[in-house]
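Each chain gets a letter, A, B and so on, in the order its sequence line appears, and its residues count up from 1.
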Amino acid sequence: MKRYIDKGAKVVDGPRSPVQNRPWTLKEKLLLGFTPKEYLGQAVRNPLNWVAALILLVGLPVILSRFYFGLGFVTHASNDYPWGLFLGFGLFSMVPLSASGFLLGTTVEVFGRHDFEPIERLALLNGLLGYLFAVVYLLADLGQPWRLPYPMVVSWGPAAVLFLVGWHVATYLSVQMAEVSASFFEWQGWPRAKAFIRRIALGLTTAGIILSTLHQGALGALFTYAPGKVHPLWYSEEFQWIFFFCSSIPAGLCMVIVASTIVKKTMAWRCDARFLENLDRITLGLAKGAAMGLVTYATIKLIGLAHDNEWGYLASGFGTLFLAEMTFGVFIPISLFAYAVRHKIVAMARFGALLTVLGIVFNRLNTALFTFNWKLYPELPHIGETIIVVTVFTIYLLVYRFLLYRLPILYQWKAELVPVDEAVPAPKLVKESKTPVGEVTA
Amino acid sequence: MTSKRKTTVRLILAALLMLALPAWASAADAPDVIAIDLLERYYEGVEFEHAMHVDIADDCYVCHHHTVGTVTVEMGCADCHEESDATLPIACKKCHDPNPFSAAQIAKRELEGRRFHIDKPGLKGAYHRSCLGCHEEMGAPNGCDDCHRRNEAGEELFGLGPADM
Amino acid sequence: MGGISRRRFLEFGAAAVATTVATSKRSHATPNFEGYPEGMGVLVDLTKCIGCRSCEAACNKEHGLPKPEKPFDDLSVFDERGHSGQMRRPDETRYTVVNRYEPTQGGAPVYRKIQCNHCNEPACLTSCFVNAYTKTKEGAVVYNPEVCVGCRMCMTACPFYVPGYSYSSATNPVIVKCNFCYDKRLVNGLPPACVEICPQEALLFGHREELIAIGKARIKAEPDRYIDHIYGEEEVGGTSWMYISSEPFEELGFDTTLQKKPIISNVMGFLGMVPMVLAIWPALFTGFHLLAKKKGGEDGHDSERGEGE
């Protein structure tokens with residue numbers, strides 16, 4: 001891709017082709033303005049595509065076999081461990097990492113922090129895709145996935161926490177769909193639809209906050225159904241939902257940092273100046289937020305330990321695992337963020353964000369899988385299950401990239417259709433912002 | 001089928017005998033062999049050698065609790081029946097119901113206010129606990145097959161084809 | 001424009017409240033539920049079980065389950081060990097199993113039958129988001145495969161590791177567990193098949209309250225023989241199936257660390273918070289929004305992005 005752009009090729013970034021001076025056709029938009037041959041050429045030259053193709057080549061048949069032969073074919077078919085990687089990673093880890101949508105939505109729309117606007121759409125998309133693929137993982141895990149709408153339409157179990165999760169994830173998914181659709185409508189050239197979404201944006205965002213608070217917490221509350229099975233170090237009857245909700249805040253923020261870092265490294269051609277020039281400042285801002293989230297989380301964790309008097313467990317093997325999780329996923333990132341924000345070292349904040357993301361995933365896997373049934377026996381995920389998880393994640397990345405390439409997420413759509421009072425160049429935004437971090441321009 | 005009828009006749013005879021005789025019945029009044037076909041659904045009948053057991057048991061109360069007029073060792077009975085005289089019913093099944101968990105039996109217990117006979121085993125339980133308890137203690141045969149021979153339905157129930165006999 | 005937004009999200013709020021009204025109602029109705037008065041139960045006296053596996057056989061026949069490889073009179077199954085030395089457990093081919101335990105103090109082996117304990121306030125039932133489980137007034141916890149989505153939350157929630165899943169089926173996998181012979185026997189006033197066949201009457205069928213009285217009487221009559229505890233009388237809010245034993249329960253694979261209150265009580269705090277969030281959050285965050293707007297002096301929200309800037 002870079003090669004073409006270096007050669008002076010023009011990627012679609014507005015409704016009209018500047019060269020031919022006519023609106024882009026849909027096909028051209030989909031191919032980013034390249035000829036099919038050019039597009040294919042760059043795709044073949046990208047080694048990542050070969051890796052992805054290899055994964056899909058192995059993984060897709062395994063996914064098919066899961067549906068053809070049943071869950072028992074790709075999992076341990078364990079009655080003691082009813083949940084495996086599909087939910088442990090796919091649901092319990094993907095959902096907190098997708099808190100980014102509601103967090104940045106709240107920051108920008110509700111709190112009016114427009115200095116974070118350049119990354120808002122990335123955060124929204126990250127949220128939407130995370131939830132979408134959490135549902136994909138769920139479909140892989142459900143015994144009868146075609147009955148997914150049952151809790152909505154066939155039979156209600158409203159006293160169950162999972163009922164709340166189901167309804168809220170479904171509702172929130174539609175909310176996020178609507179939020180992200182703004183960029184699609186721009187790309188598609190439907191200004192009225194976009195204007196409508198803009199009008200209800202505050203409503204959508206508020207709905208997002210409610211739904212997110214509840215279902216992020218609900219995922220934690222699910223584990224209070226299994227009090228004896230989750231290891232005491234990862235369990236607290238009173239605080240479980242707060243653990244999950246609270247940790248989803250740094251998780252979502254750090255996931256945006258990680259995603260934006262990857263984007264900056266691998267598809268800078270797609271980002272506009274507004275995004276690139278503000279990214280470092282925004283990253284430090286997000287890191288600050290994440291650090292505060294982590295500190296809160298760590299505090300509640302400690303209160304949880306003290307409340308249930310679980311100090312004794314720290315000396316056990318599980319204790320070592322717990323300390324490792326807390327050290328690498330919480331304490332080291334907090335220190336990194338603090339140092340990075342103070343000395344404006346963006347790379348350090350990015351590394352801290354990566355650690356946090358891994359730490360959250362580790363925490364969810366520990367809760368749902370590794371220390372689950374701690375009185376029984378440990379079980380490692382089945383190879384088939386692992387292949388499916390990797391394959392679905394690859395598809396997630398491909399979809400993510402597909403949308404980032406096209407929709408105005410990392411760049412602003414050059415629209416002549418909507419009346420514009422004035423073009424706001426990126427540096428101006430930086431100047432306007434009054435926060436200390438805002439003054440950083442890298 | 002014939003053996004079943006024979007048993008029935010024999011049991012009726014035994015019952016009549018007991019009715020005719022008042023409460024001072026002695027072991028000699030009981031038949032030497034008692035056929036039990038409680039489990040006829042899955043097992044062939046069992047021939048219980050009463051006379052032989054009379055010879056080896058210390059006393060009647062070992063099996064018959066208080067009903068033969070002796071002191072009882074069964075604590076559940078002793079509370080009320082420690083000094084009871086011999087009673088008319090002597091055969092196990094006179095007191096121990098073959099269907100202890102039927103709705104009627106449960107309702108009956110309910111009606112009695114769960115005050116007495118609250119933990120009286122049913123007939124099958126009484127037989128097995130009485131027989132097996134002793135057999136284990138005495139080192140007598142105590143496997144299922146030692147007393148019970150499965151019929152066809154029993155073979156099927158236990159997951160064996162009838163042909164495996 | 002702000003007005004429209006507010007109205008909009010109030011609509012969202014209303015919809016969300018509607019979905020959770022039932023939640024709060026149900027969750028507040030549970031705390032004092034102590035089981036149905038006419039509820040039946042079974043008292044398992046482990047001192048009486050001789051490990052003949054007749055109950056397994058009767059259950060298999062009653063429910064038309066697949067015939068096992070080894071016949072039911074094959075006692076070598078007691079030596080079978082699964083994952084990491086796990087003893088046999090109920091699964092998609094069997095609603096109940098009997099396992100043999102060698103007491104650490106020596107002495108005769110103890111046999112323990114495992115099946116669904118039919119909790120008074122079942123974790124499976126209260127965690128199920130399609131209401132597939134029912135606690136009948138007779139005491140049985142029954143499952144409806146017609147609405148089951150297969151999330152297996154009930155398996156995660158069950159403190160006794162009872163529900164099995166028919167993982168082998170690709171098109172219609174369902175939860176498989178003991179149903180107390182509810183449909184064919186319990187409703188007709190008959191004891192479950194396992195109880196009926198038990199030669200020792202180690203399984204005692206009756207009203208739960210009667211069984212507790214019997215259990216207590218047995219313990220009282222032979223205090224040296226029995227452990228002074230009826231397992232299931234109070235565990236996780238009480239179960240319809242209960243056990244008495246001569247050996248410590250923890251040595252027989254029972255989880256003696258279970259809480260006394262029902263599992264549902266663990267999530268009540270969270271469920272109780274749900275209506276609060278639904279009610280307070282919209283106002284709270286709109287307030288924040290209005291404050292943020294004021295501070296900026298003008299509505300920074302609208303002027304900014306035609307997105308076409």
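Nearest heavy-atom pair across A/Leu162 and C/Phe129 is O-CD1, 3.6 Å. When all heavy atoms are compared, the tightest approach of C/Val147 to A/Ser155 is CG1-CB, 3.8 Å. Nearest approach of A/Glu109 to C/His289, heavy atoms of both residues: O-ND1, 2.9 Å. Nearest heavy atoms, A/Gly143 versus C/Arg152: N-NH1, 4.0 Å. C/Met273 approaches A/Trp241 most closely through the heavy-atom pair SD-CH2, 2.8 Å. Taking every heavy atom of both residues into account, A/Pro227 and C/Gln259 meet most closely at CG-OE1, 3.7 Å.
Applying the side chain to side chain contact (heavy atoms under 4.5 Å, CB included) test between C/Phe285 and each of A/Ile210, A/Thr205, A/Thr106, A/Leu202 identifies A/Thr106 as the sole match.
With 3.5 Å as the limit, one finds a donor-acceptor pair spanning the side chains of C/Asn172 and A/Gln144. A side-chain donor-acceptor contact under 3.5 Å links A/Thr213 and C/Trp281.
With rounding to the nearest 0.5 Å, the separation of CH2 in A/Trp83 from CE in C/Met155 is 11.0 Å. Between the OH atom in A/Tyr225 and the OG1 atom in C/Thr126 there is a gap of 5.5 Å [rounded to 0.5 Å]. C/Cys128 SG to A/Phe163 CZ: the interatomic distance, rounded to the nearest 0.5 Å, is 11.0 Å.
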Side chain to side chain contact (heavy atoms under 4.5 Å, CB included) between C/Arg89 and A/Asp80, worked out: CA-CA 9 Å; C/Arg89 55 155 289 158; A/Asp80 298 327; 2.6 Å; yes
CA sep, side-chain torsions, deciding dist, call: C/Val267, A/Leu222, side chain to side chain contact (heavy atoms under 4.5 Å, CB included): CA-CA 8 Å; C/Val267 297; A/Leu222 281 184; over 6 Å; no
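C/His83 has its side chain within reach of A/Glu379: a pair of non-hydrogen atoms, C-beta onward, lies under 4.5 Å apart. Here the side chains of A/Tyr377 and C/Gln86 are in contact, with some heavy-atom distance below 4.5 Å. You'll find the side chain of A/Leu164 reaches within 4.5 Å of the side chain of C/Phe270, heavy atoms only. Taking 4.5 Å as the limit, every side-chain heavy atom of A/Val154 sits out of range of all side-chain heavy atoms of C/Val130.
Atom CD of C/Glu250 sits in a crowded spot, with more than 12 heavy atoms from other residues, nucleotides or ligands closer than 6.0 Å. Residue-environment remark: NZ (C/Lys260) stays at or below the threshold of 12 foreign heavy atoms within 6.0 Å.
If you tally non-hydrogen atom pairs under 4.5 Å between each of A/Ala77, A/Gly70, A/Gly166, A/Pro145 and chain C, the highest count goes to A/Ala77. Here C/Cys148 is the residue among C/Pro90, C/Cys148, C/Cys154 with the most heavy-atom pairs under 4.5 Å with chain A. When A/Pro378, A/Pro151, A/Gly217 are compared by the number of non-hydrogen pairs under 4.5 Å with chain C, A/Pro151 comes out ahead. Per-residue counts of heavy-atom pairs under 4.5 Å with chain A were compared for C/Asp255, C/Thr171, C/Thr257, C/Ile280; the largest is that of C/Thr171. For chain C, the option among A/Phe73, A/Tyr81, A/Trp146 with the highest count of heavy-atom pairs below 4.5 Å is A/Trp146. The choice from A/Ile209, A/Leu148, A/Val161 that makes the most heavy-atom pairs within less than 4.5 Å of chain C is A/Ile209.
For chain C, the nearby parts of A/Phe111 are the backbone and the side chain; heavy atoms of each come within less than 4.5 Å. Contacts of C/Cys151 with chain A are made by both backbone and side-chain atoms, with heavy-atom separations under 4.5 Å. Both the backbone and the side chain of A/Ala218 come within less than 4.5 Å of a heavy atom of chain C. For C/Ser127, the parts lying under 4.5 angstrom from a heavy atom of chain A are both the backbone and the side chain. Using a 4.5 Å cut-off between heavy atoms, C/Thr156 contacts chain A through both its backbone and its side chain. The contact between A/Tyr68 and chain C is made entirely by backbone atoms, counting heavy-atom distances below 4.5 Å.
Heavy-atom proximity under 4.5 angstrom to chain A picks out C/Tyr161, C/Pro163, C/Gly164, C/Tyr165, C/Tyr167 from residues 160-167 of chain C.
In this structure, A/Arg147 contributes its side chain and C/Glu146 its backbone to a donor-acceptor pair below 3.5 Å. Judged purely by atom type and a 3.5 angstrom limit, A/Lys229 uses its side chain to pair as donor or acceptor with the backbone of C/Cys158. The backbone N or O of A/Thr224 lies less than 3.5 Å from a partner atom in the side chain of C/Asn266, making a donor-acceptor pair.
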